[in-house]
Every structure is written in C-alpha cells, then in structure tokens.
2 protein chains.
Amino acid sequence: MATDRLSVIFSALADPTRRAILARLADGDATVTELAEPFDISLPAISRHLKVLEQAGLITRSRTAQWRSSSLNPEPLREATAWMERYRRHWDASFDRLDAHLRRIQAQAPQTTNDPQ
Amino acid sequence: MATDRLSVIFSALADPTRRAILARLADGDATVTELAEPFDISLPAISRHLKVLEQAGLITRSRTAQWRSSSLNPEPLREATAWMERYRRHWDASFDRLDAHLRRIQAQAPQTTNDPQ
DNA sequence: CCTACATTTAACGCATCGGCTAATTAACGA
DNA sequence: TCGTTAATTAGCCGATGCGTTAAATGTAGG
C-alpha cells in the first residue's frame with residue numbers, strides 16, 4: 001500500500017543501512033563500491049538500497065564512465081520533518097513562541113494547514 | 001532486523017493508517033473503536049496498528065473498564081526529528097544562523113555529536 | 001452466573017523486504 | 001576485440017507486514 005510519498009520516505013528511512021548510507025553521503029558523493037565498503041553485505045544488496053533511496057528522492061545519481069555517483073538530496077527529509085512539526089507543540093512547550101519567531105525571520109510558506117497525512 | 005529505536009519509529013510512521021491514527025490522537029485520546037471508525041479495515045487490524053505505535057513509544061495506553069484509551073506520546077517524533085536535523089544544513093541555507101539562534105534561546109541539550117545512525 | 005460489549009490473540013494468505021549467488025549490462029583501456 | 005572493472009538484474013529464500021475471520025479474554029451489569 002505504501003504508495004503515498006511520506007510512506008515511501010519513512011520506509012526508506014526505516015532501514016539502518018540506508019540511514020548509514022545517507023550519513024555517509026552527507027560527507028560527499030560516493031560510488032556504489034565506496035558506499036558498500038563499510039558494510040558486510042553484498043554489492044547487489046547495496047545497489048537495491050540505493051534504488052530505494054532514489055525512489056524516495058533521498059538521493060540522486062549520476063553516471064561518469066562506469067561509476068555511478070550518488071549524492072544526497074535532503075528535500076524529502078524536509079517533507080518528513082514538516083509532517084512531524086505538526087506535533088511539535090505537543091512535545092515542546094516553547095514551540096509556539098519559537099515557531100512564530102522562525103516564521104518571522106524566515107518568511108516561510110504560509111504554514112501547512114490541514115492535510116491529515 | 002529493525003531492532004534499533006529509530007528503525008522502529010520510522011517503520012511505525014511508514015504506514016498511512018498509523019499516521020492518520022496519530023493525527024487523530026493529536027486532537028485527544030480515543031478508544032480502539034473510536035480510532036477504527038474512519039477506516040475500512042477490521043478492528044483486529046487497528047488493534048495491531050496500535051500495538052506497533054505503542055512499541056515505537058508513539059502512544060501510551062490506559063485501561064478504564066473495558067475500554068483502552070490511547071494517547072499521543074510525541075517524544076519519539078522528537079528523536080526522529082533530531083536525526084533528520086543533522087541534514088538540515090544541507091537543505092536550509094539559513095539553518096546555521098537559525099540553529100545558533102535557537103540554541104541560544106532554548107539552552108537545549110549539548111547537541112547530538114556523532115552517532116552515525 | 002450469564003450476557004453484552006470492547007479488545008486482543010490465533011491462524012491463515014499474500015505481498016513485500018532484505019539478504020544471497022549467478023548472470024548480465026555498460027564502459028574503459030590495452 | 002578482449003579482458004577488466006563497476007554496477008545492475010534475475011531468481012531464489014526466509015522473515016516480516018498487513019489484511020482477513022474466528023475464537024478467546026476481560027470487564028461491567030442485570
């Protein structure tokens with residue numbers, strides 16, 4: 001069923017290997033072999049993790065000769081965070097004040113109003 | 001494998017029904033039957049969704065007579081957000097400035113330093 | 001005690017996930 | 001053109017996820 005965007009993003013983040021890959025990519029682009037190096041799993045497995053991350057929009061990939069470089073695309077993290085932000089007032093007492101403050105400096109989008117997922 | 005805390009949290013959030021349940025609970029506690037009402041799925045299915053949410057720490061449950069009330073516990077969302085925040089600098093150009101500002105007003109925990117997952 | 005109501009547990013089916021090895025594709029370079 | 005290296009695809013397997021229906025459990029109340 002996981003057909004909606006947020007489900008795809010959260011599913012992608014649910015795997016520790018994939019999160020570790022994202023962490024690695026935060027330090028710079030890397031090829032599949034480079035990304036596989038720290039792990040005990042096979043190259044095809046890494047390849048499929050990358051496919052999952054790509055489909056979630058969390059990485060983009062480019063090809064140079066026979067190497068496929070992956071780079072981090074954190075935009076979906078922003079989406080996921082945006083969803084969670086709706087609950088921030090429940091955990092952070094001073095959220096409202098801070099939020100208002102942030103919006104003032106940032107002049108962000110007019111606030112996500114009411115999409116239930 | 002999903003044995004680490006973040007994996008459990010993200011897995012719980014990966015299902016749209018569970019996210020909708022959380023959204024509902026943001027408006028106040030509810031019983032299993034009340035939570036099931038908007039959905040086309042069986043009560044046992046909802047019951048298991050609640051179990052998943054509970055194991056992720058996203059809800060807590062209390063029993064009054066034969067009713068089990070669920071209430072939102074957003075603390076894990078804070079954890080998940082904390083993980084994502086590490087990438088914020090990649091998507092938000094003005095993050096560093098804002099982050100510093102936030103830390104100044106909030107006097108938060110001394111900043112997550114270096115846990116790779 | 002017996003019934004009704006709320007919820008969970010059991011047992012099943014089916015799809016997806018995450019791993020593997022083997023085979024294939026793609027590009028380079030001698 | 002042939003061999004090497006990089007990466008993906010194919011096919012398999014066991015585990016898990018999410019749904020179902022039927023049965024069991026727990027609690028209140030006549």
Side-chain angles (χ1 to χ4, degrees), chain A residues 1-25 28-71 117, chain B residues 1-22 24-25 28-71 76 117:
Chain A
M1 180 159 290
T3 181
D4 63 292
R5 185 149 175 74
L6 271 178
S7 294
V8 171
I9 295 169
F10 282 128
S11 298
L13 295 177
D15 185 278
T17 302
R18 287 195 289 264
R19 289 200 307 280
I21 289 175
L22 292 179
R24 163 64 186 82
L25 289 176
D29 298 3
T31 66
V32 179
T33 315
E34 285 166 351
L35 290 173
E37 195 271 325
F39 302 105
D40 253 358
I41 63 184
S42 68
L43 218 58
I46 297 291
S47 187
R48 270 207 327 248
H49 279 309
L50 293 174
K51 196 176 197 174
V52 171
L53 290 171
E54 186 176 28
Q55 282 169 348
L58 284 159
I59 65 172
T60 57
R61 317 184 70 185
S62 62
R63 133 171 286 155
T64 320
Q66 67 255 216
W67 297 277
R68 292 202 180 177
S69 182
S70 299
S71 55
Q117 295 183 17
Chain B
M1 179 161 290
T3 183
D4 63 293
R5 185 149 176 73
L6 271 177
S7 295
V8 171
I9 296 170
F10 281 129
S11 298
L13 295 177
D15 184 278
T17 302
R18 287 195 288 264
R19 289 200 306 280
I21 288 175
L22 292 179
R24 164 64 186 81
L25 289 177
D29 298 2
T31 66
V32 179
T33 316
E34 284 167 352
L35 289 172
E37 196 272 325
F39 303 104
D40 254 358
I41 63 183
S42 67
L43 219 57
I46 297 290
S47 186
R48 271 209 323 251
H49 279 309
L50 293 175
K51 196 175 195 173
V52 171
L53 290 171
E54 187 178 27
Q55 281 169 351
L58 285 158
I59 64 172
T60 57
R61 316 184 70 184
S62 61
R63 133 172 285 155
T64 321
Q66 66 253 215
W67 296 278
R68 291 209 177 173
S69 182
S70 299
S71 56
Q117 295 182 18

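We name chains A, B, ... by the order of the sequence lines, and we start the count at 1 in each one. Since the model is a prediction, treat every value here as computed from it, not as a measurement.
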Examine [N]: is either OP1 or OP2 under 4.0 Å from a nitrogen or oxygen in the side chain of [X]? Give yes or no.
X	N	result
B:Arg18	D:dC18	yes
A:His49	C:dG19	yes
A:Lys51	D:dA7	no

Let me know the distance between [atom1] of [X] and [atom2] of [N], rounded to the nearest Å.
X	N	atom1	atom2	result
A:Ile59	D:dA7	CD1	C1'	13 Å
A:Glu37	D:dA7	CD	C1'	17 Å
A:Trp67	D:dT5	CH2	C1'	8 Å
B:Asp29	C:dA6	CG	C1'	17 Å
A:Leu43	C:dA22	CG	C1'	14 Å
A:Leu13	C:dC17	CG	C1'	16 Å
A:Glu34	D:dA6	CD	C1'	11 Å
A:Leu50	C:dC17	CG	P	16 Å

Would you check if the side chain of [X] reaches a backbone N or O of [Y] as a donor-acceptor pair within less than 3.5 Å?
X	Y	result
A:Arg18	A:Ser11	yes
A:Thr64	A:Trp67	no
B:Ser7	A:Asp15	no

Candidate nucleotides [options], ranked by approach to the side chain of [X] - the nearest:
X	options	result
B:Ile41	D:dT20, D:dA7, C:dG18	D:dT20
A:Pro44	C:dG19, D:dA6, D:dT9	D:dT9
B:Ser42	D:dA7, D:dT20, C:dC28	D:dT20
A:Arg63	C:dA27, D:dA7, C:dA6	C:dA27
A:Ser47	D:dG19, D:dT5, D:dT9	D:dT9

Matching residue for A:Arg5 among A:Val8, A:Ile9, A:Thr3 - test: side-chain contact (heavy atoms from CB on, under 4.5 Å) = A:Ile9

Contact nearer the 5' end of DNA chain C, comparing A:Asp15 with B:Arg61 = B:Arg61

Between A:Arg68 and B:Thr31, just flag the one whose closest nucleotide in DNA chain C comes earlier from the 5' side.
-> B:Thr31

Shortest non-hydrogen contact from B:Ser70 toward B:Leu25 = O-CD2, 3.4 Å

Distance-only donor-acceptor test, A:Arg48 side-chain atoms vs C:dG19 base atoms, 3.5 Å = yes

